[in-house]
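A short worksheet on the structure shown next.
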Amino acid sequence: MFFVTTAIDYTNGSPHIGHAYEKVLADVITRYHRLTGEETYFLTGVDQHGQKVQQTAEKEGISPAEYVKTVTTRFSALWEKIGVHYDGWAETTDPRHIRCVQAILSDLYAQGQIYKKTYKGFYSVRQEQFLTDRDRDETGNFGPEWGEVTEIEEENYYFKLSDHTPWLRDFLETSEDTILPGFRKSELINALEKNTGADLCISRPKERLTWGIELPFDPDFVTYVWFDALINYISFIGYAPDSSLPNFKTIWTGRPVHIIGKDILVPAHGIYWLAMLKALDFADNQMPQLLVHGWWNRSGEKMSKSLGNIVDPVELADTFGVDALRYYLVRDIHTGKDSNFDVERLVMLFNTELANELGNLCNRALNMSVRFTAGIISPGGVLTKDDTALQQSLIDCTAAYRKAMDNHEISMGLEALNRHVVHCNQYAERMKPWEINKNPENKDRLATVLHHLAESVAHCAVLLSPVLPDAAAKLAAQLKLPQLSELKLDDLTWGLIPNGHEIEKPSPVFPRIEVKAEI
RNA sequence: CGCGGGAUGGAGAAGUCAGGUAUCUCGUCAGGCUCAUAACCUGAAGAUCGUAGGUUCAAAUCCUGCUCCCGCAACCA
């Protein structure tokens with residue numbers, strides 16, 4: 001089973017383009033794996049607990065539960081709108097999740113992995129954390145970034161993180177494919193060096209925070225947000241058995257892929273989560289892979305509410321269409337790296353690669369078949385060097401596509417797909433079927449050329465389907481081959497179109513975006 | 001000496017780990033075609049790969065120094 005998750009989004013604001021990117025990326029990766037014939041399970045959702053939610057709800061004069069419900073709908077509606085199809089949906093206020101978190105806490109407590117101790121120190125209300133001397137600035141004080149800092153003494157519960165850091169360091173250093181892309185690994189290992197010896201405080205007293213999951217062994221406390229949120233990856237696939245959830249053992253069969261942003265690798269996923277799983281007796285070969293993606297910046301700067309440069313994915317989908325948005329989000333960034341969000345590039349990529357190249361290839365090929373051969377597609381006569389070269393291009397490009405997609409490099413996969421489309425257009429240009437058509441004696445040759453083009457479009461439709469499932473279905477519909485959507489990658493051999501197959505006059509699948517809209 | 005990422009033709013990127021004729025897209029210029037969504041195809045101009053050294057027969061790629069940009073507090077993928 002290929003099990004993929006995303007970070008669960010914090011329900012304290014509207015979704016922006018970064019949220020949309022992560023989910024589209026996960027959706028594309030899931031659909032690709034399904035296309036390879038693997039069984040897949042895609043889990044995503046929202047993180048609803050925590051102090052900021054509690055505060056915002058108070059400010060708006062409603063209960064946290066009500067507030068969270070409204071924001072959650074904004075997220076799920078967006079996924080519906082842009083074709084993000086998940087199998088499991090995680091909401092951390094779900095009673096099934098709460099039960100699971102509490103069961104895990106009880107279990108770890110019973111094992112002595114969680115203990116209580118008194119801590120006296122400086123506490124930042126804004127950051128919801130105790131500060132150490134390392135957090136002081138050059139003058140020895142806590143800077144304004146911490147907000148109000150007070151010295152308090154309180155009892156809290158701690159998770160024995162330090163028990164697991166030696167294993168974690170060793171595991172990360174010897175593992176090549178836990179942190180993807182690899183260049184993020186050094187950052188994590190550096191952070192681990194610093195963290196040695198410290199345990200993780202996993203409770204918050206209820207005087208400060210009520211909007212959370214109560215500790216099963218002490219009703220005066222709720223769980224620290226990460227201990228709550230991270231567990232979604234297992235709670236919603238039935239780690240604690242529940243008839244309304246899947247069977248954990250059938251989903252978590254190997255190494256799942258957690259798709260996360262670069263900001264929550266250290267320490268949340270790279271340290272806390274892996275240590276938590278270790279504490280729960282997960283074996284090394286069950287440890288998740290962390291696929292760490294980069295950010296969409298604006299003009300080289302981070303997107304943020306304070307800078308006012310947030311991009312609204314709903315607006316983009318309305319203005320340019322879901323195809324253009326999805327295509328752009330996975331085409332114009334290399335997985336792991338940052339990229340600059342640019343509406344003009346979104347339009348340009350849609351217009352050139354989808355409208356002018358692939359869409360137009362489909363349109364011209366099918367139009368010629370309708371006009372020259374009455375819509376009948378048949379293999380025709382003897383193959384020439386040009387024909388076999390085109391078939392070879394398809395084989396090569398499909399192989400390159402698979403290799404890229406296997407590495408989660410969607411951009412390169414699409415580039416490979418596009419390469420074949422360009423070859424098809426060049427082939428059409430050289431073969432000139434419109435010339436061949438002028439001589440009735442060359443009917444076989446004409447059929448061969450048109451067949452090669454149509455067959456290529458059929459393959460391309462399947463290869464495109466993880467990224468643009470709807471558009472792929474439209475291409476298949478124009479080819480009168482709806483069964484293309486049932487095919488797996490290994491089914492893609494030459495001859496998808498039956499001999500004598502009949503098609504009808506096509507219409508553009510990717511109409512050019514002409515409006516120069518301002519976002 | 002805090003940590004990490006980055007600097008490649010006008011724009012955006014790939015290539016850097018495993019050194020060997022500088023790649024792709026857009027843009028610009030010139031031409032061609034007419035089946036097609038003013039689409040498609042061909043050709044050209046344009047980069048001493050941030051900078052200064054070093055290693056090597058050979059460096060965008062390896063080593064050293066330096067400069068500049070972006071993250072690493074809040075909102076936040």
Side-chain angles (χ1 to χ4, degrees), chain A residues 6-10 12-13 15-23 25-26 52 56 124 126-127 134-135 137 142-147 181-191 193-194 259-266 292-297 299-308 310 331-334 336-340 342 344-345 348-349 351-372 409 411-412 415 418-419 421-422 424-437 449-450 453 506-514:
Chain A
T6 70
I8 50 176
D9 299 311
Y10 198 56
N12 194 34
H16 58 66
I17 198 73
H19 296 108
Y21 167 55
E22 183 176 281
K23 273 61 191 178
L25 177 63
K52 280 160 210 140
T56 310
S124 159
R126 182 195 280 175
Q127 261 313 96
R134 237 200 319 270
D135 299 315
D137 60 23
F142 296 111
E145 68 270 23
W146 300 108
F183 69 79
R184 296 265 173 223
K185 195 165 109 172
S186 51
E187 205 178 341
L188 179 55
I189 288 176
N190 284 340
E193 298 296 330
K194 284 188 188 166
I259 299 179
I260 59 173
K262 62 181 184 177
D263 58 328
I264 52 175
L265 171 65
V266 181
V292 185
H293 67 247
W295 269 318
W296 286 98
N297 298 321
S299 315
E301 287 182 315
K302 189 173 166 177
M303 211 177 277
S304 71
K305 283 181 187 166
S306 53
L307 288 173
I310 297 271
R331 177 68 181 95
D332 209 29
I333 193 166
H334 285 81
K337 299 199 173 181
D338 290 357
S339 191
N340 265 314
D342 184 342
E344 285 180 25
R345 288 188 60 82
M348 180 273 280
L349 284 166
N351 280 346
T352 57
E353 298 188 353
L354 292 175
N356 295 353
E357 290 174 0
L358 176 58
N360 184 54
L361 172 67
C362 174
N363 201 235
R364 69 193 300 205
L366 299 191
N367 257 301
M368 283 190 277
S369 293
V370 169
R371 286 183 54 177
F372 302 159
E409 257 291 3
S411 177
M412 289 180 157
E415 198 180 295
N418 211 249
R419 209 177 308 139
V421 172
V422 169
C424 287
N425 278 320
Q426 292 170 335
Y427 171 84
E429 216 59 40
R430 270 205 321 278
M431 297 303 105
K432 300 189 192 336
W434 52 91
E435 286 290 330
I436 302 176
N437 181 52
V449 171
L450 294 180
L453 294 176
S507 62
V509 173
F510 303 108
R512 284 180 63 89
I513 297 171
E514 302 292 356

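In the text below, chain A, chain B and the rest are named by the order of the sequence lines, each starting its count at 1.
The C1' atoms of A77(B) and U8(B) are separated by 28 Å, rounded to the nearest whole Å. With P as the reference atom, A45(B) and U55(B) are 35 Å apart, rounded to whole Å. Taking atom P on both U64(B) and C17(B), the two are 14 Å apart, rounded to the nearest angstrom. Taking atom P on both G19(B) and A58(B), the two are 15 Å apart, rounded to the nearest angstrom. Of the C1' atoms belonging to C24(B) and A14(B), the separation is 7 Å, rounded to the nearest Å. Comparing the same atom, P, in U25(B) and in G43(B) gives a spacing of 12 Å after rounding to whole Å. Atom C1' of G27(B) sits at a distance of 14 Å from the matching atom of A44(B), rounded to the whole Å. Here, C69(B) and A74(B) have their C1' atoms 23 Å apart, quoted to the whole Å.
Among the protein residues, Asp9(A) comes within range of the sugar-phosphate backbone only, with heavy atoms under 4.0 Å from sugar or phosphate atoms but none that close to a base. Within 4.0 Å (heavy atoms only), Asn425(A) reaches sugar-phosphate atoms of the nucleic acid but no base atom. Among the heavy atoms of the strands lying under 4.0 Å from Met412(A) are primed sugar atoms or P, OP1, OP2 only; no base atom is included. Within 4.0 Å of Asp332(A), counting heavy atoms only, lies no atom of the nucleic acid at all.
Of the candidates A14(B), U37(B), G71(B), G71(B) carries the atom nearest the Trp295(A) side chain, counting heavy atoms from C-beta on. Minimum atom distance to the side chain of Glu429(A) is reached by C41(B), of the listed C41(B), A36(B), G71(B).
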Pair Asn425(A)-Arg364(A), side chain to side chain donor-acceptor pair (under 3.5 Å): steps then yes or no: CA-CA 10 Å; Asn425(A) 278 320; Arg364(A) 69 193 300 205; 2.8 Å; yes
Side chain to side chain donor-acceptor pair (under 3.5 Å) evaluation trace for Asp332(A) with Ser339(A): CA-CA 7 Å; Asp332(A) 209 29; Ser339(A) 191; 4.6 Å; no
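Toward the 5' end of RNA chain B, the nearer of the two residues Trp434(A) and Ile264(A), judged by each one's closest nucleotide, is Trp434(A). Both Glu415(A) and Gln426(A) sit near RNA chain B, but only Glu415(A) has its closest nucleotide nearer the 5' end.
Results of the side-chain contact (heavy atoms from CB on, under 4.5 Å) test with His293(A) over Ile259(A), Ile260(A), Ile333(A), Asp338(A) single out Ile259(A) as the only residue that passes.
Taking the side chain as every heavy atom from C-beta outward, Asp9(A) and Lys23(A) approach each other to under 4.5 Å.
Regarding Asn418(A), its CG atom lies at a distance of 15 Å from the C1' atom of A39(B), rounded to whole Å.
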